[in-house]
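Just follow the structure's listing: the first ligand is 1, and inside any ligand the first atom is 1. Values below: every heavy atom of this structure, side chains too, minus hydrogens, waters and symmetry copies.
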Amino acid sequence: ATGVKAGELIKRLMKETNQLYGNNSPVEFDTAAMIAVDNNIELVIKRQKTAEEELIEEFEQMMENVDPEKLRPRPPVVTIMGHVDHGKTSLLDKIRKSNVAAGEVGGITQVIRAWSVTHKVLNPDDPNEELLEKQITFLDTPGHEAFTKMRARGANVTDIAVIVVAATDGVMPQTEEAVNHAKAADVRIIVAINKVDAPNANVERTKRQLYNLNLLPDNMGGDIQFVETSALTGQGIDDLLTAISLEAEFNLADELKADPDRPAFGTCLEGYMTAGEGVNATVLVQQGTLRPGDIVLCGANYGRVRTMYNDHGVAIEEAGPSTPVRITGLGGVPNADDPFYAVDELTTAAKIAEAREKKDREASLNRFQAVKDLDSLTAA
Ligand code: GTP
Ligand code: MG
């Protein structure tokens, strides 16, 4: 709402330019800018797509066209989010019964890490009560303020967000931020109230603060599962895994599906160089199956997958939907959040990579131009 009627704008336009205008006529940028400034209107600039953008869009649409008939269940992808030091990594450690936090620089999680975990649940349909093995994919995201963008990204590839809140501190700014990201990304939320073992833990106060964020359990008319955990003693860890499995089964069954029998595509979680293996990328396969030898386009980089490792660092031959893997063989380091696609031809990969590069270059040039324009304005 601009507070300016379309009719008045058109009259004004005709007066300024001596031309006829309809409701959808294109307007010269300078004219539009002038009228916008006069009337305190925020200009939304819609420009024509470039040839590169069209090419990329067409390619991505084609590659992401999944046959609904071929969909099969896939594991949920769960992101652990929350305020710094509230115990995200420790909880995951406990889940994996490993100890990643001890090996982290300064104890702060620096990059997105991803793991597959197998959780055994009781099969209610089985008279012998054999345990069912359920896979869950976890992403650990950093809690430090500097990583806001990364956490936002974590939520995009995620089905379920576990919001970790330490009962010692209660809800903190980044707890709220995490909740907002999860809500914006439209993912299911599970609350883990952590550090319940600590002498200064205040579970009731923490719960009240969470209710104030409109996270309500079913006995209060909501549908959020609350789990009390201690990454120190292991209390509630199994409850958390069960909560995730329940969420997946009862609220996400329709969404947790993918076609494993197609070329892979997914999202890059991180890219980096190592002295030994060159370019590394941690990617999350979201559709299809990725294999060594596949030609992969990842953002503006491409190459043949040379080696593929699972979350235990073991070289593997296949990675299906919801599997996080580390791959080598790309020609350059991709960015986190870059989409990746397995393609048939190196030439296709090269063509789209070139288009992406050009698009990125133009985007940064435009930013530079905008900064220069602002400078000249303030200088004048
Ligand atoms: P960032 O990745 O830096 O955001 O932190 P984080 O949320 O991953 O927290 P981390 O797991 O590194 O734990 C922070 C500190 O809290 C460590 O000293 C842990 O030992 C401690 N901690 C984590 N969980 C618990 C818990 O359940 N009980 C108690 N008493 N301490 C815990
Ligand atoms: Mg951490």
Side-chain angles (χ1 to χ4, degrees), residues 77-117 136-155 157-158 160-182 185 187 189-207 209-210 213 215 225-244 269-270 272 282 284 311 324 326 336:
V77 179
V78 180
T79 300
I80 310 276
M81 301 169 105
H83 197 74
V84 64
D85 274 354
H86 277 198
K88 301 175 292 294
T89 302
S90 304
L91 273 175
L92 264 175
D93 282 354
K94 207 68 184 176
I95 290 170
R96 304 173 60 224
K97 295 186 179 57
S98 66
N99 197 9
V100 181
E104 280 180 18
V105 184
I108 291 185
T109 308
Q110 299 288 350
V111 290
I112 287 192
R113 293 135 186 279
W115 294 278
S116 266
V117 170
I136 304 172
T137 302
F138 282 97
L139 306 182
D140 178 20
T141 64
H144 195 270
E145 213 147 19
F147 301 113
T148 307
K149 187 167 177 276
M150 200 178 271
R151 281 202 312 282
R153 189 170 50 231
V157 291
T158 299
I160 298 169
V162 172
I163 308 285
V164 177
V165 195
T168 47
D169 279 357
V171 166
M172 297 296 275
Q174 288 159 47
T175 315
E176 267 194 79
E177 219 180 274
V179 170
N180 291 338
H181 281 313
V187 300
I189 293 175
I190 294 173
V191 170
I193 300 179
N194 192 38
K195 305 200 187 184
V196 293
D197 62 278
N200 57 336
N202 190 335
V203 175
E204 288 314 311
R205 182 196 58 185
T206 306
K207 279 187 181 167
Q209 292 171 336
L210 288 158
L213 298 181
L215 298 175
Q225 298 188 75
F226 280 64
V227 185
E228 290 172 29
T229 59
S230 164
L232 209 66
T233 67
Q235 179 193 334
I237 299 291
D238 206 59
D239 297 339
L240 179 58
L241 294 174
T242 304
I244 292 167
L269 301 174
E270 54 169 324
Y272 54 93
T282 308
L284 178 71
D311 51 348
R326 177 165 69 86

Contacting atoms of ligand 1, where contact means under 4.0 angstrom from a heavy atom of [X]:
X: S90; result: 10 (P), 11 (O), 13 (O), 19 (C), 23 (C), 24 (N)
X: T89; result: 2 (O), 6 (P), 8 (O), 11 (O)
X: S230; result: 27 (O)
X: L232; result: 26 (C), 27 (O), 28 (N), 30 (N)

> Are the side chain of K88 and the backbone N or O of V164 linked by a donor-acceptor pair below 3.5 Å?
Replying inline: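 No, because the side chain of K88 does not come within donor-acceptor range (under 3.5 Å) of the backbone of V164.
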> Looking only at atom types and distance, does a side-chain atom of N194 sit under 3.5 Å from a main-chain N or O of A231, one as donor and one as acceptor?
Replying inline: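 Yes: the side chain of N194 pairs with the backbone of A231.
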Is there at least one pair of N or O atoms, one from [X] and one from ligand 1, spaced under 3.5 Å apart?
X: V196; result: no
X: T229; result: no
X: A231; result: yes

Table please: side-chain donor-acceptor pairs of residues 197-205 below 3.5 Å, with sequence neighbours left out.
residue : atom : partner : partner atom : Å
D197    : OD1  : S230    : OG           : 2.7
N202    : OD1  : R205    : N            : 3.0
R205    : NH2  : T168    : O            : 3.3

> Roughly how far, to the nearest 0.5 Å, is CG of L213 from CD1 of I163?
Replying inline: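 Answer rounded to 0.5 Å: 9.5 Å.
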> At under 4.0 Å between heavy atoms, which part of K195 makes contact with ligand 1: side chain, backbone, both or neither?
Replying inline: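 Both the backbone and the side chain of K195 come within reach of ligand 1.
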> Of the backbone and side-chain N, O or S atoms of T89, does one lie nearer to the Mg ion (ligand 2) than 2.8 Å?
Replying inline: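 Looking at T89, which is the residue asked about, there is an N, O or S atom under 2.8 Å from the Mg ion (ligand 2).
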>> Can you see whether H86 engages D169 through a side-chain donor-acceptor pair at a distance of less than 3.5 angstrom?
In response: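 Indeed, the side chains of H86 and D169 share at least one donor-acceptor pair under 3.5 Å.
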> What pair of heavy atoms forms the shortest contact from D311 to S116, and how long is it?
Replying inline: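 The answer is OD2-N, 2.6 Å.
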>> For a quick test of reading the model, state the closest non-hydrogen atom pair linking A192 to L240 and the distance between them.
In response: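 Closest heavy-atom pair between A192 and L240: CB-CD1, 4.4 Å.
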>> Measuring from atom 28 (N) of ligand 1, which candidate in N200, I193, V84, D197 has the nearest non-hydrogen atom?
In response: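 Nearest heavy atom to atom 28 (N) of ligand 1 lies in D197.
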